[in-house]
Amino acid sequence: MGQIVKTNSFSNLLSACNHLNSQFRTFCPTVEDGVEHYRPVDQMDDKQLQQVEAITFQNKPPVGSIKSFLFPDSEVYIKFARKGNKVEVEGLEAMSPQIVLGVKPCDIKSIELIDKVFLSEPVDTLYQEKRENTLIIATICSETGKNCYCKEFGICPISPSADILMLKDSQNKTDIYLKSSSEKGQRLLEQLLEMEGFTASETFPLPKTENLSQRLSPEKIQKRMDEYFESDLWENLAMLCMGCGTCTYYCPTCHCYDIRDFTRNEQGVRYRTWDSCMFSNFTNMAGGHNPRPSKKDRIQNRFFHKLNYFVKKQGDLACVGCGRCGELCPVGISIGTVLKKIGGGLNEA
Amino acid sequence: MFKITEKLQQIGAKLLESKEVDIVLGYKKGGDPYQSLPYIATSLEETESLVFDGFCEKSLSKYLLQDSFRNKKVAVVVKGCDYRAIKLMLGESRILREQVYLIGVECPGMIRKDKLKKEVGQELSEIEVVFNQDHINVPEGQSTREIKYESVLSPFCLNCKLSIPVEEEVDTLVRGENIPSTFREKSWTHEEAFIDINNIENMSVEEKFEYWKRQLNRCKRCYSCRNGCPVCTCRVCIFDRENPDYIDAAKDQLAQHQFYHVIRAFHVSDRCVGCGECSRVCPENIPLHLLNQKLQRELEKFYGSYEAGIDELPTPLSHARADEPDFFGREGK
C-alpha cells in the first residue's frame, strides 16, 4: 500500500470518475442554489462541474457532511405486503459501490467517531454495508478555516486517514497527487493508472505536519462538564435556542435515529430516519411521560452527549470542530459557545 | 451605525436599574462582525453589550411565548415587523400587554449577508465594510468601491409596510440618525422587490414542479422555518404530534416535504408580517418566502388588501362571512 498516482489536472480525475461510472457512483462537493453539497458527478451541469475544484480545495467542509453517505437521512430496509393470509417480507438489493471525493479532515474524523458507535457489537449492518461500499478520497485544508476548531479537537488539517488522500501541487497549482492507504484505494489507483493522463509518482507533496498543542483534553472537558451539570448555563442557552433541529442534522457526529413503518393499504416499508434530540417528541414515551420535557433538558443533553457521555463511553469528544453548528444555528449557539462558558475555554482547557 | 445602540443601552440600563423589568431582550454582536444575535441582558453590565444595526434580522417577538419568559417582565427590542407580530399575539391573547415593555426602534432595513457577500465578491470576514448613509464602502485594492444600500437590503425590507413601530403603542420609540432613506423615497412595489416570484409565475406547470422539486428535495425537516417564524404560534404543532397518519417522518420523500411546506405556508398565509425569517434561517437556502408571497397575492385577490399586524384583527382566514367568495361549492352545479 502507499501507491502514489499523479495527473496534471483536476478535470482528468473527474472524467476518470465518470468513466468508472459503471463500477462506482462518484460524489463531489459543488454548489446547488447557493448551498454546498456532495452531488453525483454524472448529474452535474457544466457550471456545477466548474465549481467542484474550488470547493474541494477550500479551507472548510461543505454544508452537507459525509455522514449522509454512511447513515442516510432516511433509508428503507424492509418492504412488506399482505398477500391473502400471509405477510410477505423482502429485504433490499445490495447497494452499489460509491466514491466520495473531497472529504475534509474533520469529516474523516467524524467517521472514526461514528464507527465506534455503529461498528462495535452489536454491529449496525446497514451502516457497515455502506461503510464497506464507500471509497473515500480525502483532501486537506491548507490552513484552518475561519469558523473551524479542528486543531482544538486534535485533528490535523493536513493528514487525514482515508482510502485515498488527494493533494494539489502547491507549486504549479494544477497537478493532482493521489496516495492510497487502503486496499480499496490501492485498487482504484491501479485502475486509474491504466487510463490516459495518470502516471505513477515517487513523490507526494505533503506539507509539514502542524503543531497540535492547542488540543483540548477530553478528560478535562468531561470533568468540567460534570461540574457544570447544575449550572444556569443550560437554562440561559435554552432561553435563546429556537428548538429547531439544524445543529443535529448538520453535525457530522450526531447519529440518533428513529425507526418507523409507513403503510398504505396492503403494503408498507420499514425505514430508519434521522431524529433530533432537540425535538420534544424525541424522548416521548408510549405512556405519555417525557423525561426531557423542557428545552433546557434537551439542550443540556445534547452538549453532555458530545462533551461528556461520549468521552465516558468511547474515550473521545464527539465533536470534530467543523464549525457547522455555529455557522448554521439561527441564533449562533455552537459547541464553542459552551466550551468558552464552561471555563478553560478553547485555549486553556 | 445609526446611533440607536447608545440609546438602547441607556434605556436598558434604566429599566433594569429601576427594576421596571427583569430582563432586556435585544441583540449583541456575534463572533462575526456582520452578525448580530439575540441576547438577554439581566444586569447593568450586560446592557453594555446591547447593539442595534443592519444585521439584527432575527425576530425577538416569538421568544415571548416561551414558558421561560412568561413569569418575567420583559423589555423587548422591536422593529416594525416584530411589532406587527406582537400585535397579532396581543390580539389573540397569547401575551399580556403588561407583561412586556416594548422598545420600538426605527428600522434601517436588514442587510442580507448573502447579497452583501455577492456584491463584495469575497468572504466578509476578510474585509472591513463601512456603512454610510445610503451606501456601503468596500475596499478594493487601494481604492474603495461604493455599493448602493438598497442592492444588499433584504427584499422584504424594500417592500416593508411598517419600518417604525406605531409610536402610541410602544412604551419607548428609539429614532435613528442617518437612516438610509433613498430606498424608501422610491416606493417599491411588490413586483419590483420580489423579482423571483414573478419569474416563477411565468413558468410552465412542469417547470414549476421541477423548480420546487429541486428546492424541497434538499429539506431535512429541521423545522427552523417553523420555529423562526414570529407568527407560527400554535401551542401544539400538527407536525409535532406522535406518529400521525397524515405525515411521515421519512426525510427523502418529496411528497412529505411538499405536504409540510404547503401546510406551513397556508397556516401563516394571512398572518405573514413579511419579516423574511423563514428563508433566512433555512440552512438549505430554500426560498420559502416565495410560498408565502404567492399565497398573499392570491388572498389579496379574494379578500382585498390585508396587512397582518397593521390592519385590525381578525385576519381574513380566521373568520367566515356569508358573502365570502366560494371557490369550490357552487361552481358548475
Side-chain angles (χ1 to χ4, degrees), chain A residues 31-35 37 60 63-64 68 72-76 145-147 235-236 238-250 258-264 269 271-276 278-281 284-286 288 294-296 324 326-334 336-337, chain B residues 23 25 28 30-32 35-40 42 57-60 62-63 66-69 72 114 118 123-126 211 214-215 217-229 236-237 239-243 245 248-253 256 277 280-287:
Chain A
V31 179
E32 184 178 285
D33 296 306
V35 205
H37 270 297
K60 68 172 206 170
V63 169
S68 345
D73 46 6
S74 286
E75 59 183 320
V76 169
K146 180 177 75 75
N147 292 324
E235 182 58 50
N236 294 341
M239 278 181 94
L240 291 175
C241 168
M242 284 183 2
C244 70
T246 306
C247 49
T248 51
Y249 287 164
Y250 291 85
D258 193 10
I259 289 177
R260 294 197 185 194
D261 288 349
F262 180 77
T263 49
R264 284 293 181 265
V269 294
Y271 63 93
R272 83 157 160 198
T273 182
W274 290 356
D275 202 352
S276 168
M278 297 308 294
F279 295 153
S280 65
N281 54 9
N284 228 6
M285 308 256 172
S294 72
K295 208 156 59 178
K296 177 227 151 203
R324 288 183 180 98
E327 195 174 326
L328 296 175
C329 174
V331 297
I333 299 174
S334 72
T337 315
Chain B
I23 58 176
L25 178 58
K28 69 163 184 182
D32 195 326
Q35 182 188 38
S36 299
L37 298 172
Y39 176 64
I40 296 169
T42 51
E57 68 269 351
K58 274 244 47 84
S59 167
L60 300 179
K62 186 133 184 204
Y63 284 120
Q66 285 184 19
D67 286 343
S68 44
F69 286 85
K72 297 184 178 76
D114 54 347
K118 217 174 188 175
E123 279 296 326
L124 292 175
S125 55
E126 289 161 11
Y211 176 83
R214 196 178 79 220
Q215 301 294 339
N217 266 336
R218 291 200 303 273
C219 177
K220 294 271 182 286
R221 223 88 69 67
C222 70
Y223 295 127
S224 58
C225 48
R226 175 194 69 180
N227 292 17
C229 174
V236 180
C237 174
F239 297 106
D240 277 345
R241 298 257 169 98
E242 207 57 49
N243 292 322
D245 286 337
D248 179 36
K251 293 179 189 358
D252 58 351
Q253 301 282 323
Q256 303 294 328
E277 196 60 6
R280 257 188 313 248
V281 294
C282 179
E284 294 289 350
N285 215 10
I286 303 172

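Lettering follows sequence order; numbering is per chain, from 1. Predicted model only: the values in this text are computed from it and were never measured.
The line from CZ of R260(A) to CG of D275(A) is 7.0 Å long, rounded to the nearest 0.5 Å. Note that SG of C222(B) and CE of M242(A) are 8.0 Å apart. Values are rounded to the nearest 0.5 Å. The line from CG of D261(A) to OH of Y271(A) is 8.5 Å long, rounded to the nearest 0.5 Å. In this structure, S224(B) OG and E277(B) CD are separated by 9.0 Å, a value rounded to the nearest 0.5 Å. If you take OH on Y250(A) and CD on E327(A), they are separated by 12.0 Å, rounding to the nearest 0.5 Å.
If you tally non-hydrogen atom pairs under 4.5 Å between each of G243(A), S294(A), S280(A) and chain B, the highest count goes to G243(A). Comparing R226(B), Q253(B), R214(B) by heavy-atom pairs within less than 4.5 Å of chain A, the highest count is held by R214(B). The candidate from L60(B), D114(B), N227(B), T42(B) with the greatest count of non-hydrogen atom pairs under 4.5 Å with chain A is N227(B). When C225(B), C282(B), P38(B) are compared by the number of non-hydrogen pairs under 4.5 Å with chain A, P38(B) comes out ahead. Of all the listed residues (K118(B), K62(B), R218(B)), the one sharing the greatest number of non-hydrogen pairs under 4.5 Å with chain A is R218(B).
Of the atoms belonging to K295(A), it is side-chain heavy atoms, and not backbone ones, that fall under 4.5 Å from chain B. Residue Q215(B) touches chain A through its side chain alone, counting heavy-atom pairs closer than 4.5 Å. Heavy-atom distances place both the backbone and the side chain of E284(B) under 4.5 Å from chain A. In this structure, the portions of Y223(B) lying under 4.5 Å from any heavy atom of chain A include both its backbone and its side chain. For K58(B), the part sitting under 4.5 Å from any heavy atom of chain A is the side chain, from C-beta outward, and nothing else. Of the atoms belonging to R280(B), not a single heavy atom falls under 4.5 Å from chain A. Both the backbone and the side chain of T246(A) come within contact range of chain B, each with at least one heavy atom under 4.5 Å from a heavy atom of that chain.
With sequence neighbours excluded, the residues that form a side-chain hydrogen bond (donor to acceptor under 3.5 Å, both in side chains) with E75(A) are K130(A), R272(A).
Using modelled atom types, one side-chain atom of W274(A) and one backbone atom of P72(A) make a donor-acceptor pair closer than 3.5 Å. With K220(B) contributing its side chain and Y249(A) its backbone, the two residues share no donor-acceptor pair below 3.5 Å.
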